[in-house]
Structures are given as structure tokens and as C-alpha cells.
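Just so it is clear, the values below take in all heavy atoms, side chains as well, and ignore hydrogens, waters and symmetry mates.
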Amino acid sequence: MVDSKQTRLHRNLEDQGEPQGSGAHMISTARVPADKPVRIAFSLDDASDDTTPEDPTPLVSPELDQQLQPLPPCHDSLESMQVFKQHCQIAEEYHEVKKEIALLEERKKELIAKLDQAEKEKVDAAQLAREFEALMEENRTLKLAQSQCVEQLEKLRIQYQKRQGSS
């Protein structure tokens, strides 16, 4: 998106007869007498006028580092105004991308927590399955032992009754 904006800017400069060169452009500034107030006006399509006229360097995005803030344009230069507008749009896009990254990082943390919980539950389920199998085996062994004991008891009763009957 930025490349297409830069391409349009370079085309506009070529149309105006400006040299393209290395991409660095000289912006001429006119001297204004110190006793005359300077007011810089610009318009971004969706931007509201949040700054006061006394503030010559409006902060496009207060969360943006100072060195990344757009420099105020020279109101006499169309190129300066275009560069400023482009910088404001880039700063706004940068801010949106940072917000999206923060949201995605938060979502990543949530998903990692869910994954950890699911893995813990999977390990717990596997442990419970192993315990269940062990208990089932123990139950079979105990039932077999019980049936053998019942058989032995029955044999002993029969033997006891035979002794009682013969005496």
C-alpha cells in the first residue's frame, strides 16, 4: 500500500518537473517574519480537528514515539503537504497494526492456555484410563479368587457333612 502511494507521489513530482533521483527531495521553506503568526492547516479525509490553532505540531497518534510523529508540513509546498498526509496515514496504519498485533498476541496467550489445559486433561484422561484398566484387572482377579474360594468352601461343606453322617 505504501509503495503505491510512493509511486503516485513520484509520478506527481515528475509531472511537476521535479527530479526523482534517490528518493530524497528537497523541500523549500520560506522565511516568515517572527512577528507574524504561522498557522498550518491540513485535512485528512476521516480525521477530526482535535488540535488547537496554538499547537503548531499536532500529534497524529499520541501513542506513537516522538521520532515517528509526522513533521508539520510547509503550507506553501504541495509536496510537503502530500508527504505529511502520507506520513499521517502511515502512522495511523502503524498504530492499527500495533493494536492488531497486541490483540493477536493476547489471543495467542489464550490459545496456548487452552492448549495447555487440553493437554493436561488428555494426560489426566490417559492416567484415569490406565487406573481403570488396572482396577478392572484387579476386579477380575478378585472375582476369580472369590469363585475359587466358594468352590473350596462347598467342597469343605460336603466333606464335613460326610464326616458328620459317618460318625
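Atom CG of Leu153 sits about 13.0 Å away from atom OH of Tyr160, to the nearest 0.5 Å. Distance check: Phe132 CZ to Leu128 CG gives 11.0 Å after rounding to the nearest 0.5 Å. Interatomic distance, Leu104 CG to Lys108 NZ, rounded to the nearest 0.5 Å: 10.5 Å.
Partner Lys85 forms a side-chain contact (heavy atoms from CB on, under 4.5 Å) with one of His87, Met81, Gln89 and no other, that one being Gln89.
Remark: Gln152 CD is loosely packed, at most 12 non-hydrogen atoms of other residues, nucleotides or ligands lying under 6.0 Å away.
Shown here are the side chain to side chain donor-acceptor pair (under 3.5 Å) partners of Glu137, two or more places apart in sequence or in another chain: Arg140. For Arg130, the side chain to side chain donor-acceptor pair (under 3.5 Å) test picks out Gln127, with sequence neighbours left out.
For Ser147 (side chain) and Leu144 (main-chain N/O), a donor-acceptor pair under 3.5 Å exists by modelled atom type. The main-chain N or O of Pro73 is never found under 3.5 Å from a side-chain atom of Ser80 such that the two would form a donor-acceptor pair.
A 4.5 Å side-chain heavy-atom check between Glu93 and Glu96 finds every atom pair outside the cut-off.
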Result block: side-chain N/O donor-acceptor pairs under 3.5 angstrom for residues 112-126, not counting sequence neighbours:
residue	atom	partner	partner atom	Å
Gln117	NE2	Glu121	OE2	3.1

